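Everything below concerns the one structure shown next.
The structure displayed is predicted, hence computed values, not measured ones.
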Amino acid sequence: MPEWYVSGGLALGSILFLMFLSMPVAFAFLLVSFGGMYLLAGVPGMSQVAANASVAVTHFVFLPIPLFLLMGELFFNAGVARKVFDAVDMLTGRMRGRLSYVTIFGGTTFAALTGTSMGNTAMLGSLLVPEMTRRGYAKHMSMGPILGVGGLAILIPPSGLGVLLGSLARIDIGQLLIAGVLPGLVLALLYLLLVYAKIQLDPDCVPPPEDVSHSLREKLVVIVTHILPLSIIVFMVIGLILLGIATPTESAAFGVLGVLIVAAAFGGLTLESIVKSLRGTVRVTAMILLIVAASSTFSQVLAFSGATSGMIRAVGGAELSPAMVIVVMFAILLFMGMFMDQASIMMLTIPIFFPIAQLQGFDLVWFGVVMLLALEMSGVTPPFGLNLFVMLGVAPKGTTMVEVAKSGLPYLACGLLLFVLLVFEPNVALYLPSLMDN
């Protein structure tokens, strides 16, 4: 059997080569995994890998994924998202750069109801960018906040990537989801401060305040009819897990029920919206389960070849401080985000990073939040961050990828500030999960 760094390097290099040839990610992993196991253990090894992969995708922990996806699909397709935006827009009143702030407030709310970063970015972009462009907002003030807040769906429950990460890494999904709440809110606050600073430094980047006003009665009606029902849904998803009343699967089911009720009350629950939501859910769920199967086989090949244990021994013998280890891993995740999608990054790094994190004595829930933060930032890292392409698709005609990427850079800096905060104060992520243990 070759040295661990040879077998591990060949496996990773083969996958990257196949991806470069435009082979779908999951198929690249499956091909390399079965080919590698055949070389290492012959046909019996391949049979064992296939059996283990089928077991991996039938695990109960994956049940929240389609439910959370269905919740987000219904939220968008039934028109609930637009009503939330209109309500937040009314409540913010008169202020300079109002729509930039509305983007962050609304995007944070959407994040707690959708669980998908690209969906959040696409919805906000299609709703807000044309209107903000018409009113005279600079491109970095319309696209930047959307790029920043769109990724909050990865941190704030219900996070589809969070469920997938917890499942693949074998850590408590409920604790991981709840651990992302405070960091997500802190990041939203940093975005608000960034928008405020930009407006103070360059008031002309946004139009003058609009002469609009709404009575207190109108605002109270909107709060009761639009905001309160959605707050109840958020509680059904997050609060029930935090209180220990429901598992992530049960809270996901409650969330779907809540969105169905609200959509029906708003008059958007049509047969067309239901069918469209179910189709979207089935399509994405099938893709995720194929990724899970591929990741499972790849982890087995790395373990069987000795690559995983070899890397752990190498890190243990390098005498790096825990802080340096986490900085290096975070930097690797960001670098990979420049060229790869988030699911591929997870599949490549979870079998390697989590054993190293355990060796270093990191709290695995905390490390999971750090990894989710890096994945959130990777969606905006040029040149191939997925959210950059989503934004380019809804941006005004003539917008270049360079302009989109520059708009997102200050929000990446906010993510780095949160990373530093998490390193020096882990309780930002671990406080709420600690309440679940009491």
Side-chain angles (χ1 to χ4, degrees), residues 4-5 7-13 15-16 19 25 29 32-33 56 61 154-155 159-173 175-177 179-180 183 291-292 294-379 381 415-416 418-420 422-423 426 429-430:
W4 68 267
Y5 50 83
S7 56
L10 284 174
L12 292 173
I15 287 172
L16 293 175
M19 291 171 60
V25 174
F29 273 84
V32 171
S33 299
V61 297
I154 293 178
L155 279 176
S159 168
L161 274 182
V163 175
L164 184 59
L165 188 149
S167 304
L168 296 177
R170 300 293 187 264
I171 56 180
D172 189 289
I173 294 175
Q175 290 200 352
L176 179 60
L177 292 177
I291 287 173
V292 170
S295 176
S296 172
T297 60
F298 185 65
S299 299
Q300 293 172 61
V301 171
L302 287 182
F304 190 84
S305 67
T308 302
S309 57
M311 282 181 280
I312 294 173
R313 289 195 303 271
V315 172
E319 298 182 354
L320 295 175
S321 66
M324 183 57 67
V325 171
I326 191 67
V327 167
V328 170
M329 288 196 288
F330 194 82
I332 291 172
L333 290 170
L334 287 184
F335 176 76
M336 295 176 72
M338 295 180 182
F339 308 100
M340 301 173 63
D341 64 274
Q342 294 148 343
S344 303
I345 295 171
M346 286 175 57
M347 293 167 68
L348 281 170
T349 56
I350 284 177
I352 301 169
F353 281 9
F354 271 85
I356 293 174
Q358 198 163 18
L359 176 70
Q360 294 292 323
F362 298 151
D363 184 291
L364 294 186
V365 171
W366 170 84
F367 181 71
V369 172
V370 171
M371 191 166 182
L372 287 176
L373 173 62
L375 293 172
E376 182 258 330
M377 295 172 63
S378 73
T381 52
L416 289 176
L418 177 59
F419 169 65
V420 172
L422 287 171
V423 170
L430 296 178

Please report the closest heavy-atom contact between [X] and [Y], naming both atoms and the distance.
| X | Y | result |
| --- | --- | --- |
| F354 | G368 | CZ-CA, 4.2 Å |
| S167 | I173 | OG-CD1, 3.4 Å |
| S378 | T381 | O-OG1, 2.8 Å |

Are [X] and [Y] close enough that some pair of their side-chain heavy atoms sits under 4.5 Å apart?
| X | Y | value |
| --- | --- | --- |
| L364 | R170 | no |
| L418 | P183 | yes |
| F367 | Q358 | no |
| L333 | M377 | no |
| I326 | F419 | yes |
| F330 | L373 | yes |
| L372 | L176 | yes |

Test item: W366 side-chain N/O and L422 main-chain N/O as donor-acceptor pair under 3.5 Å: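 Confirmed, W366 side chain pairs with L422 backbone.
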
Rounded distance [0.5 Å steps], CG in L165 versus CD1 in I171: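 The CG atom of L165 sits 5.5 Å away from the CD1 atom of I171.
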
Gap between atom CE of M371 and atom CE of M346 - 0.5 Å precision: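 The distance works out to 6.0 Å.
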
Derivation and outcome, side-chain contact (heavy atoms from CB on, under 4.5 Å), residues T349 and I356: CA-CA 11 Å; T349 56; I356 293 174; over 6 Å; no

